[in-house]
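Just below is one structure, and these are the notes that go with it.
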Amino acid sequence: MNEPSVERPILLLRETAARIAPVRGTPVDEVLAGATDSFFAAESPLGTVYVAVGQEGVRYLDPADSEEDFARRYRRRFGRFVSPAQGDEVAGLAEKVASALAGERVDVPLDLSRATPFQRRVLHVVKGIARGEVRPYVWVAREAGTPGASRAVGNVMANNPVPLLVPCHRVVRNDGSTGSYAFGSGEKVRLLRGEGVEPEEISGSPYVATPTTGIVCHATCRNARRIQPYNRRAFRSVRSAVEAGYRPCKVCRPVAAA
DNA sequence: AGGGTGACAGCGT
DNA sequence: TACGCTGCCACCC
């Protein structure tokens, strides 16, 4: 605690805690302990990101410019302090996060306790979108149990506390265009390419069917990818495919209703 | 034909 | 409250 080489975020933190303590009538150390979360840095496709840890797991991930910048943003968003993790307090979690950000399929515990029920449902759905695949906002809305809420889903994505870990960059528009991204639409396209999704394969015809089965899929559905080129029928919408006699795939569940 | 555009419904915050 | 990483349709060339 009394290291001579006090880092700047910690110094700021102590100063603030020292201001708060007398107001609350609480010892400084207690204020510090009760209002401070830990963070660590990790490498990701977005570059260096900082990762804050809550009670249940990762609470916040941000490709901030610096540790100071990250701490500021965290404080503004959660109303709590954050300082670099000491010793090995988050070592296990940091390892999982590093693996996940490297593209491995590891389950990273998340702390979404600050999210609304709707946000939690949406984030949970999006977490399940596999690498190499994309799904439209309207699909996420339907899967989350609120079929009309595709725009509200966009709002949740815009405020995703844990980008990359909850892969909001895999949520695209229903017309096959990639849509916006909190860190820029170009970054979204780059991320998707890095995962094997070429924007061209969905643009204009995000749905694909085959007469051999009579089924229509999202173009990036693992089953759609197996369709032989000469059996491949491209569609701009599920509706047009259904009108042509195809029924929705039971694996990727394209939204059939108007 | 099919890509672009504008209006507006619709949802949660 | 008004707003937004949308969807859908009408309408344009």
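Residue numbering restarts at 1 for every chain, and letters A, B, ... go by the order of the sequence lines. Side chains included, hydrogens not; waters and symmetry mates left out as well; all remaining heavy atoms used. Just so we're clear, the structure is a prediction, and the values are computed from it rather than from any experiment.
Partner assigned to C:dT6 is B:dA9, using Watson-Crick or G-U wobble distances below 3.5 angstrom.
When the nucleotides C:dC5, B:dG10, C:dC8 are ranked by their closest atom to the side chain of A:N174, C:dC8 comes out on top. Out of B:dG3, B:dA9, C:dC5, the shortest distance to the side chain of A:R236 is found at B:dG3. Comparing C:dG7, B:dC11, C:dC5 against the side chain of A:A152 picks out B:dC11 as the nearest.
With rounding to whole Å, A:R151 atom CZ is found 12 Å from B:dA9 atom P. In this structure, A:R142 atom CZ and B:dG10 atom P are separated by 19 Å, rounded to whole Å. As a whole-Å value, the separation of A:R114 CZ from B:dT13 P is 15 Å. Distance A:M157 CE to C:dC3 C1': 17 Å, rounded to the nearest Å. In this structure, A:F118 atom CZ and B:dT13 atom P are separated by 6 Å, rounded to whole Å. Rounded to a whole Å, the CG atom of A:D175 is 10 Å from the C1' atom of C:dT6. Rounded to a whole Å, the CD atom of A:E243 is 13 Å from the P atom of C:dC8. What separates CZ of A:R120 from P of B:dT13 is a distance of 11 Å, to the nearest Å.
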Passes side chain to side chain donor-acceptor pair (under 3.5 Å), A:H169 versus A:E187? Steps please.
CA-CA 9 Å; A:H169 59 285; A:E187 201 63 65; over 6 Å; no
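When each of A:V197, A:T220, A:I202 is checked for a side-chain contact (heavy atoms from CB on, under 4.5 Å) with A:L192, only A:V197 meets the rule.
A donor-acceptor contact under 3.5 angstrom links the side chains of A:S240 and A:S237, judged on distance only.
When each of A:V153 and A:V255 is assigned the nucleotide of DNA chain C with its nearest heavy atom, A:V153 is the one assigned upstream, toward the 5' end.
Contacts of A:T116 with the nucleic acid, taken as non-hydrogen atoms under 4.0 Å apart, involve only primed sugar atoms and P, OP1 or OP2. Nucleic acid contact class of A:Y137 (heavy atoms, under 4.0 Å, all strands): base. Backbone-only contact: A:A149 has heavy atoms under 4.0 Å from sugar-phosphate atoms and none from a base.
Phosphate proximity of C:dC8 to A:R239: absent, as no side-chain N or O sits under 4.0 Å from OP1 or OP2. Between A:R173 and C:dT6, a side-chain N or O to OP1/OP2 separation shorter than 4.0 Å is present. The shortest distance between the side-chain N/O atoms of A:N155 and the OP1/OP2 oxygens of B:dC11 is not below 4.0 Å.
Seen from the ring of A:Y137, A:R151 does not count as a face-on cation partner, given the 6.0 Å and 45° thresholds.
Aromatic ring pairs are classed by plane angle as parallel below 30°, tilted from 30° to 60° and perpendicular above 60°; the pair A:Y50 and A:F39 is perpendicular.
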